[in-house]
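Not measured: the values here are computed from a predicted model. So that the names make sense, note that chain A is the first sequence line, chain B the second, and so on, each numbered from 1.
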Protein chains: 2
Amino acid sequence: MDINGTGERFADGFGPAAHTGAPRVGHEVLAVVFQVREGRLCVLVWRRGRPPCEGLWALPGGSLGMLEGLGESIRRQLAQKVDVRDLSHLEQLETRGDPDRDPFARTLATAYLGLVPAGIDPVVPPDTEWCFASELLPMAFDHTAMVDSARRRLRAKLSYTNIGFALAPPEFTMSQLSRYYRAALGHDVAATNLRRVLLRRGQIEETGRSVPSGRSGGRPAALFRFRARTLEITDAFAVLRPPAD
Amino acid sequence: MDINGTGERFADGFGPAAHTGAPRVGHEVLAVVFQVREGRLCVLVWRRGRPPCEGLWALPGGSLGMLEGLGESIRRQLAQKVDVRDLSHLEQLETRGDPDRDPFARTLATAYLGLVPAGIDPVVPPDTEWCFASELLPMAFDHTAMVDSARRRLRAKLSYTNIGFALAPPEFTMSQLSRYYRAALGHDVAATNLRRVLLRRGQIEETGRSVPSGRSGGRPAALFRFRARTLEITDAFAVLRPPAD
DNA sequence: TCGAGTTTTAGCCTGAAAGACAAAAACTAG
DNA sequence: CTAGTTTTTGTCTTTCAGGCTAAAACTCGA
């Protein structure tokens, strides 16, 4: 990597701390955890009790342990906020490292997107709450930007993956599912179209059972479930496909 | 963030190095730089001259400087490999941090996807080469996985963004463009369909000029250009759109 | 200069998929 | 039994991708 032997390799002003020459900066792992509650998209946040950014909302997470991987670390740390078994999906989002993102120390942060299915209510510590994503007050550091990234990622993936499985409980009616989609997408989703789209894509299937609908009567609703509970990409979604033959 | 006052916060075995308590690990920034050359997708790699992984291909990049951001850092480091002005696109890909990804030191690496338009030939140092992406030999550390991520990302974005602008030179004929797409996608792309798709999406436009086609005759080909040279998402691509009204 | 060969361009057709809408089905409550 | 409610089914329209063919526009050689 010493491209011309002139030592430009250390133009950053730091010699090697190991064979790679990487300087040692702090690294933390954070998560934007979404859940649909009361028909609205919510984010799990906690209120900082000390400076910097005292009193502001912050994302759950913390320091990367010396012996753990990134995903491993955020799972461990979320286990202290939300029961890990409740996390239906987790994926890496982005890493932020602006020198001034934290005014007190040079710290990088890798953000994850986590999802919790609707209908359960994990125990959270007293300083932690589920906030409506649309009404988030300014957050600590660059956490607002991370939440925005996470919302965009979720919205996009609802279009071209089966990620709905992570928002919905194991079984659901189509009108329930359309409410989860509406909460995450921010606009109405017609249950009848949603049904056809997801059925054609093979993402959901009928369980055979049904439940009575609202207390004021109405045809009983069929119960559906997602076929898979891991992320799958809808391949029919690709444009510029390989030629037919 | 000390969720219950029992000190579980430091369950990773490390006390705070700063107010965040982040342990200090090495961090490097790498780039998967693609260019279409000779009609094929190529990756910029260099051959390691010393252990670990001596003799294996590796991605360009290096240590994050103490005062620079992540994107800033990879741009600086690529300037030593490829003239920065030639980079038509750069985006963050993923951060890898398995404790054993580097056997000699705990190092995190943030990978970027970079693109260089076809038709130019940046000066690269002697240990550095453009390798066909489809014929890459095993690479150092987890770099192979990063190249795979980058290829998937590029292929996906060719479907639903205007990222072709970063593969093509400023002006091009449709058959040239279809060759760039074929190289990146790995399959034939009919120039006539590509033209209609990109025109309808408003991604490309005619320059008004044209150039003679192959030496054996043929109708002159119209020259096109991309309307934008920054990433834009094709919104018509979203399924589950907001209702019409 | 004319015809053969080559490449690009334009037009037409098909099929897949999404979304709007309306009617039928299946229930509750009074 | 009827009115009201909700789900489900079916039809229609629109949009877009992609295949195919014919026309256009050029070069080259006879």
Side-chain angles (χ1 to χ4, degrees), chain A residues 39 158-162 164 171-179 181-182 185 187-224 233-245, chain B residues 156 158-162 164 171-179 181-182 185 187-224 233-245:
Chain A
L158 280 172
S159 259
Y160 69 92
T161 72
N162 63 343
E171 302 196 344
F172 47 84
T173 67
M174 284 316 297
S175 41
Q176 284 175 317
L177 190 63
S178 78
R179 277 191 287 272
Y181 273 74
R182 181 182 57 185
L185 290 173
H187 60 75
D188 277 352
V189 176
T192 167
N193 287 333
L194 185 64
R195 174 212 202 85
R196 246 177 321 114
V197 169
L198 298 189
L199 274 178
R200 171 165 35 204
R201 292 180 172 184
Q203 286 184 20
I204 60 174
E205 62 188 0
E206 282 189 79
T207 65
R209 270 166 305 140
S210 59
V211 292
S213 56
R215 71 195 107 272
S216 52
R219 178 168 171 168
L223 283 176
F224 290 79
I233 295 179
T234 304
D235 53 335
F237 202 52
V239 189
L240 307 174
R241 298 187 187 76
D245 3 307
Chain B
L158 280 172
S159 260
Y160 68 91
T161 72
N162 63 344
E171 302 196 343
F172 48 84
T173 67
M174 285 315 296
S175 41
Q176 285 175 316
L177 189 63
S178 78
R179 277 190 287 273
Y181 273 73
R182 182 182 54 184
L185 290 173
H187 60 75
D188 278 353
V189 176
T192 167
N193 287 333
L194 186 62
R195 174 211 200 87
R196 246 174 323 118
V197 169
L198 298 189
L199 275 177
R200 169 165 41 200
R201 292 181 173 182
Q203 287 185 19
I204 60 174
E205 62 188 0
E206 282 189 77
T207 65
R209 270 166 306 143
S210 59
V211 292
S213 56
R215 71 195 110 274
S216 52
R219 178 170 171 167
L223 282 176
F224 290 80
I233 295 179
T234 303
D235 53 334
F237 202 51
V239 189
L240 307 174
R241 298 186 187 77
D245 355 315

How would you list, by chain and number, every residue that makes a salt bridge (Lys or Arg N to Asp or Glu O under 4.0 Å) with R195(A), sequence neighbours excluded? none
Residue set satisfying salt bridge (Lys or Arg N to Asp or Glu O under 4.0 Å) with R182(B), at least two apart, ordered chain then number -> D188(B)
[X] [atom1] - [N] [atom2] separation (whole Å):
{"X": "Q203(A)", "N": "dA17(C)", "atom1": "CD", "atom2": "P", "result": "13 Å"}
{"X": "R209(A)", "N": "dA26(C)", "atom1": "CZ", "atom2": "P", "result": "20 Å"}
{"X": "L199(B)", "N": "dT8(C)", "atom1": "CG", "atom2": "C1'", "result": "14 Å"}
{"X": "L177(B)", "N": "dT9(C)", "atom1": "CG", "atom2": "P", "result": "12 Å"}
{"X": "H187(A)", "N": "dA18(C)", "atom1": "NE2", "atom2": "P", "result": "14 Å"}
{"X": "R201(A)", "N": "dG19(C)", "atom1": "CZ", "atom2": "C1'", "result": "13 Å"}

List in chain and number order the residues that pass side-chain contact (heavy atoms from CB on, under 4.5 Å) with E171(A), two or more places apart in sequence or in another chain; answer none if no residue qualifies. T207(A), R209(A), L223(A), R225(A)
Once side-chain hydrogen bond (donor to acceptor under 3.5 Å, both in side chains) is applied, do any residues pair with E206(B), and if so which ones, sequence neighbours excluded? none
List the residues meeting side-chain hydrogen bond (donor to acceptor under 3.5 Å, both in side chains) with R196(A), not counting sequence neighbours, and say none if there are none. N193(A)
Dump the intermediate steps for side chain to side chain donor-acceptor pair (under 3.5 Å) on Q203(A) and T161(A), then the final yes or no. CA-CA 9 Å; Q203(A) 286 184 20; T161(A) 72; over 6 Å; no
Could you run through nucleotides 4-14 of chain D and give me one letter per nucleotide, 5' to 3': B if any protein heavy atom sits under 4.0 Å from the base, S if only the sugar-phosphate is that close, - if neither? BBBBSBB----
